[in-house]
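Have a look at the structure below, then the notes.
Chain letters run A, B, ... following the sequence lines, proteins first and then strands; every chain starts at 1.
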2 protein chains.
Amino acid sequence: MENNSCIRQQADIEQINRCKDTVSELNESFDYLANRLSLVGNSVRLKILYLLFEEKRLCVCDLSDILGMNISAISQHLRKMKDRNLLETERDAQTIFYSLTAKYEKMLNPFFEILDKNKILETI
Amino acid sequence: MENNSCIRQQADIEQINRCKDTVSELNESFDYLANRLSLVGNSVRLKILYLLFEEKRLCVCDLSDILGMNISAISQHLRKMKDRNLLETERDAQTIFYSLTAKYEKMLNPFFEILDKNKILETI
DNA sequence: TTCTTATTTAAGCAAATACTTAAATACATA
DNA sequence: TATGTATTTAAGTATTTGCTTAAATAAGAA
């Protein structure tokens, strides 16, 4: 299972232990944050998030039109993001509008700014 | 292929077209950014990135010890991040030290700060 | 050169992901 | 009520991902 065959001479034991403490202390936070970032790390979902940032609210049909994708595929992406609290919904008759939650809008703002300025190729 | 069966009555055509323009203009940026964020959206890699942020540099063996994982598995994670310019290496005899590139340290800083304060549960 | 340490790479596999198609649900209107 | 519009959900599939094991590469020491 664990082939930790690190039998090296030089290792900063203090450093290793400090790091182990950090990891065990923040373990749940790492999982939580990575889980959310994995959603953003998909170009379809990143586009959806950015479009919602710009347009405030859009429905499944709008996004399907804009991205040239199957409604069902879009709906499933939206569901994931809603389940993990990146998005919230508001019904207007038959139409369901999706929008960014305040928390995630704030958190993702630095990335939206990069995209806004389309300066990604220089910055990253 | 494209079952865009959105035959709806109300659609803000201007909005749809504006969004389509945005997507086509920024298309490569979306792909590029999503690709990088997908790397961060994995808890093992997020831990590695955070540990490198705190400790400045670590080798494969260190990370293997700290995370209790197979050296090969860690090495493959590091390779991915190096290939996509999140990390850089520096050799010291047999040991290869990994560190964050300045660009990505800056870009990921907001997340590191959240983790630093361990305030993730309130913030996100 | 041979041996040891440090690391990477290749091959294989199980689990997760993203999409398709088809069926189901929800609401509005005739 | 029946019909149409908007959306979700379920099931199936192909691709990608993350890990394991084993072999390969690289550098220092004997």
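- A side-chain donor-acceptor contact under 3.5 Å links B:Thr101 to the backbone of B:Asn85.
- The nearest whole Å value for the distance from the CD1 atom in B:Ile71 to the P atom in D:dT21 is 13 Å.
- In terms of position on DNA chain C, the residue among A:Gln94 and B:Ile96 whose nearest nucleotide sits closer to the 5' end is B:Ile96.
- Within residues 72-92 of chain B, the residues approaching DNA chain C are B:Ser72, B:Ser75, B:Gln76, B:Arg79, by heavy-atom distance under 4.0 Å.
- The distance between atom CG of A:Leu63 and atom P of C:dC19, rounded to the nearest whole Å, is 13 Å.
- In terms of hydrophobic clustering, with Ile, Leu, Val, Met, Phe, Trp and Tyr side chains grouped at heavy-atom distances under 4.5 Å, B:Ile96 and B:Leu87 are assigned to a common cluster.
- Of the residues in residues 39-55 of chain B, none has a non-hydrogen atom less than 4.0 angstrom from any atom of DNA chain C.
- Counting to the nearest Å, the P atom of D:dT16 and the CG atom of B:Asn35 are 13 Å from each other.
- Nearest heavy-atom pair across A:Arg45 and A:Leu39 is NE-O, 2.7 Å.
- With sequence neighbours excluded, no residue forms a side-chain hydrogen bond (donor to acceptor under 3.5 Å, both in side chains) with B:Asp12.
- Residues that satisfy the side-chain contact (heavy atoms from CB on, under 4.5 Å) test with A:Ser72, not counting sequence neighbours, are A:Asn70, A:Gln76.
- For the atom pair CG (A:Asn109) and CZ (A:Phe53), the distance works out to 5.0 Å, reported to the nearest 0.5 Å.
- Remark: B:Tyr98 is not in phosphate contact with C:dA6, judged by side-chain N or O atoms under 4.0 Å from OP1 or OP2.
- Residue pairs meeting the side chain to side chain donor-acceptor pair (under 3.5 Å) criterion with at least one member in residues 17-26 of chain A, sequence neighbours excluded, are A:Arg18-B:Glu55.
- In the hydrophobic cluster analysis, where Ile, Leu, Val, Met, Phe, Trp and Tyr join through side-chain heavy atoms closer than 4.5 angstrom, A:Tyr50 is grouped apart from A:Phe97.
- For the side-chain contact (heavy atoms from CB on, under 4.5 Å) with B:Gln15, the lone residue among A:Leu58, A:Asp65, A:Leu51 that qualifies is A:Leu58.
- Over its length, the helix from C:dT1-D:dA30 to C:dA30-D:dT1 turns its helix axis by 10°, as judged from the five terminal pairs at each end, rounded to 10°.
- Taking hydrophobic clusters as Ile, Leu, Val, Met, Phe, Trp and Tyr residues chained together by side-chain heavy-atom distances below 4.5 Å, A:Met107 shares a cluster with A:Tyr32.
- Looking only at distances, a side-chain donor or acceptor of A:Ser64 sits under 3.5 Å from a matching main-chain atom of A:Met69.
- Dashed line: the shortest gap from a side-chain N or O of B:Asn70 to OP1 or OP2 of D:dT20 is under 4.0 Å.
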